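Just so it is clear, the model here is predicted, and its values are computed rather than measured. Chain identifiers are assigned alphabetically (A, B, ...) following the order of the sequence lines, protein sequences preceding nucleic acid strands; residue numbering begins at 1 within each chain.
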2 protein chains.
Amino acid sequence: MGENALQRKPRRNQGMSIARLAEHLGLSEGTVSRALNGYPDVAGKTRERVIDAARTLGYSPSSAARRLARGVVETVGFVLPQRAGHFSDPFLAEMLDGVAMELADSDWDLIVAAVPDGHDEPEVIDRLARTGKVGGFILTRTRRKDARVDHLRELGLPFVVHGRTEDCADYAWLDIDNEKAFVDAVRYLVELGHRRIAHIGGDMSFNFAHFRHLGYRRAMEDAELPVPAGFVAEGIADGVAADEAMTAMLSLPAPPTAVVCVTDAVALGAMRAISGAGLRPGVDVSVIGYDGLPFGLAAHPPLTTMSQSSHRAGREVARMLLALIHGAEPANSQVLWEATLTKRASASPPPPH
Amino acid sequence: MGENALQRKPRRNQGMSIARLAEHLGLSEGTVSRALNGYPDVAGKTRERVIDAARTLGYSPSSAARRLARGVVETVGFVLPQRAGHFSDPFLAEMLDGVAMELADSDWDLIVAAVPDGHDEPEVIDRLARTGKVGGFILTRTRRKDARVDHLRELGLPFVVHGRTEDCADYAWLDIDNEKAFVDAVRYLVELGHRRIAHIGGDMSFNFAHFRHLGYRRAMEDAELPVPAGFVAEGIADGVAADEAMTAMLSLPAPPTAVVCVTDAVALGAMRAISGAGLRPGVDVSVIGYDGLPFGLAAHPPLTTMSQSSHRAGREVARMLLALIHGAEPANSQVLWEATLTKRASASPPPPH
DNA sequence: AGGCTAAGCGAAAGCGCTTTCGGTTGTCAA
DNA sequence: TTGACAACCGAAAGCGCTTTCGCTTAGCCT
């Protein structure tokens, strides 16, 4: 015996099985199975009888037996980003909901795996793959260089990535066009009349932070606006750090009149710093964030922000993975979505001065 | 064949199987299996040889075959709260991370299921249970009357609930003592010198909102303080609604000098209303929230709040479920944790006046 | 009527593992 | 030397399903 003392053979569904069902119907197991699985060589009447009986007796095939017999999995894996517990992520849950919903439409399931301390992501992926628990993977919170992607490439299992890595030509991904989003944000500020625009950026090892930064740079260049020293902060991950960074910017000889922030959390921190310096956010200094958090709406003034539905992204990513598993080409499964700008009061024309 | 065109029998792990491993070793499958599963009747040397070979050849048993042969599942289900996508929940992801981590320690897995539109929670639970995909369930975001709990009770599968329902004597749960948390919060305000304390409460069909409200009432009674008309708002779910509710309270003839809010999101909305009315949050009107959100720290003033780690709750809940599956008594698996009060600047003594 | 085809079903093998049972060795006491 | 007894391993039966193959029957044409 193993080390555990599970009561063996728990009669799952009061011992319902295809054998019992077949016996009950006076048919062979094979016929019942074919009827249930839509094979053409079973009489219409028989099929109905079988389906009816299955429903009334509450029979559903054991997924384990099915998997063993057919050799297909009907489950996909989602490896939670390491340290997910440390910065709580409001989008993960939404995205998971989308993924799980989309999968449910095809009667597929979702295994969510975390990376235990002392292990790393490839190990977790390996275990799931080797034991045959999943037929594909979904990844999110991608870094520019991402061990998970490299590992999955080698493994040969289908996978789709929410986000992208540095080199993303050969696998399937769904990403937001973060560069364009920040180009748009800066353009909007330029149209409002701003010329001194700063950027509070995040951890550049994350691809989204990298591209948001790039978008900021490109738009500034396009508008032929200078990016003075001190106008770009990097590696800002939360409101507190953002507060400090913004405070520093405000004490520059020629401080910015607007700032585009890598996330809403950062933007809210920046707004706080602006108030703290005795200035009015959205009046003296405009602020734009990214994420569309509900908190942004309740901020004062309400935060101008960019966003894309995580739930929809989850659905799409799941759909893509299913397609991949059914034979689609990864290189043809690369989707770039645009974020939408929600204009609120935190961004307005600069003070006349 | 079914309707799909999956390539059948994908050679999971380059066709590694216990048969190949056994052949490679010159042993029978049975012996290999027993060696790997720690049976005593296999020679020490043999066991080592087998384990070594398994590792170097990268063999792990197929979970489906294992499940079929042993009749045990090693997977638990987590049914996402319906409409999770609509109010994004920063804690769900954290909690899932905790659950998955704890399970991983025992080589168990977590299936996360969503409720597709047009279906309900019992259906989803049923499917997972009937197909034998899971050996137990974890629930969260419990309502006072919860269809999921009722259904699981009937089903007879082990489950543990994060939160409680109205009647919770006969199943396993882990909950925060929300009543005590709000008693403590009110007491803290009373000690600070407040006498006019209000409460902005949530949707009372959620158990946590119900008990937080109860705690507020009880503490007010204990302190022999009145709860004037208009001092309690119900059904407030977000910052915007909180803003309105707080604004209404501030226009009372004798407005509160402090308010305890059902969540941080609500508290932040209340703070905004206070500022909007020309008063200073944390000085003229004290505010206490619940959740320990990072945003609270970056608010101004930083939000006094109560919290409990979702990650730890996830771990604990998973541990409890595993125990249950191994035969523990549900009625002995009921745990009440206390929330801790994080004192920050949003709560201070009332203005002298 | 005879033969042929197609429709419908049963028999049986097999998916990859676990676990019981029994058989073969080697070891030790008598 | 025997016999008894462990220790160790192989054989084989299953777990619940799918799917191929082939057989029986009904239906049709000539």
Let me have the donor-acceptor pairs involving side chains of residues 148-155 of chain B, under 3.5 Å, with sequence neighbours excluded, atom names and distances please.
{"from": "B:R148", "atom 1": "NE", "to": "B:D146", "atom 2": "OD1", "distance (Å)": "2.9"}
{"from": "B:R148", "atom 1": "NH1", "to": "B:T140", "atom 2": "O", "distance (Å)": "3.1"}
{"from": "B:R148", "atom 1": "NH2", "to": "B:T140", "atom 2": "O", "distance (Å)": "2.9"}
{"from": "B:R148", "atom 1": "NH2", "to": "B:R141", "atom 2": "O", "distance (Å)": "3.2"}
{"from": "B:R148", "atom 1": "NH2", "to": "B:D146", "atom 2": "OD2", "distance (Å)": "3.0"}
{"from": "B:D150", "atom 1": "OD1", "to": "B:R153", "atom 2": "NH2", "distance (Å)": "3.2"}
{"from": "B:H151", "atom 1": "NE2", "to": "B:D126", "atom 2": "OD1", "distance (Å)": "2.8"}
{"from": "B:R153", "atom 1": "NH1", "to": "B:D170", "atom 2": "OD1", "distance (Å)": "2.6"}
{"from": "B:R153", "atom 1": "NH1", "to": "B:D170", "atom 2": "OD2", "distance (Å)": "3.2"}
{"from": "B:R153", "atom 1": "NH2", "to": "B:D167", "atom 2": "OD2", "distance (Å)": "3.3"}

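We find that CZ of B:R70 is positioned 15 Å from P of D:dG16, with the value rounded to whole Å. Between the CG atom of B:L36 and the P atom of C:dG16 there is a distance of 16 Å, rounded to whole Å. Between the P atom of C:dT18 and the OH atom of B:Y39 lies a distance of 8 Å, rounded to the nearest Å. In this entry the distance linking CZ of B:R67 with C1' of D:dC15 reads 12 Å, nearest Å. Rounded to whole angstrom, the span from the CD1 atom of B:I18 across to the P atom of C:dT19 amounts to 11 Å. The nearest whole Å value for the distance from the CZ atom in A:R130 to the C1' atom in C:dC17 is 16 Å. A straight line from NZ of A:K133 to C1' of C:dG16 spans 15 Å, rounded to a whole angstrom. The distance between atom CG of A:L21 and atom C1' of D:dT18, rounded to the nearest whole Å, is 15 Å.
Legend: residues meeting side-chain contact (heavy atoms from CB on, under 4.5 Å) with B:I18, ordered by chain and number and at least two apart, are B:E29, B:V32, B:S33, B:Y59. For B:R315, the side-chain hydrogen bond (donor to acceptor under 3.5 Å, both in side chains) partners are B:E102, B:D105, not counting sequence neighbours. Legend: residues meeting side-chain hydrogen bond (donor to acceptor under 3.5 Å, both in side chains) with B:E123, ordered by chain and number and at least two apart, are B:H119.
Checked against the 6.0 Å centroid criterion, the rings of A:Y171 and A:F159 qualify as a close aromatic pair.
Under 4.0 angstrom from either OP1 or OP2 of D:dT19 there lies no side-chain N or O belonging to A:N37. Residue A:S62 places no side-chain N or O under 4.0 Å from the OP1 or OP2 atom of D:dG16. The side chain of A:Y59 contributes an N or O atom lying less than 4.0 Å from OP1 or OP2 of D:dC17. For the pair B:R66 and C:dT18, the criterion of a side-chain N or O lying under 4.0 Å from OP1 or OP2 is met.
Panel note: side chain B:Q334, backbone B:A169; a donor-acceptor pair is recorded below 3.5 Å. Judged by distance alone, the side chain of B:R164 and the main-chain N or O of B:L174 form no donor-acceptor pair under 3.5 Å.
Taking the side chain of A:L68 as heavy atoms from C-beta on, and the options D:dG16, C:dC17, D:dT18, the nearest nucleotide is D:dG16.
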Tell me, for nucleotides 5-10 of chain C in 5' to 3' order, what letter each nucleotide earns: B for a base near a protein heavy atom under 4.0 Å, S for only sugar-phosphate near one, - for neither?
---BBB
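No donor-acceptor contact under 3.5 angstrom links the side chains of A:R70 and A:N37, judged on distance only. Side chain to side chain, A:D97 and A:H311 meet the donor-acceptor criterion of an N or O pair below 3.5 Å.
Bending across the helix from C:dA1-D:dT30 to C:dA30-D:dT1, expressed as the angle between its end axes from five pairs apiece, amounts to 50° (10° rounding).
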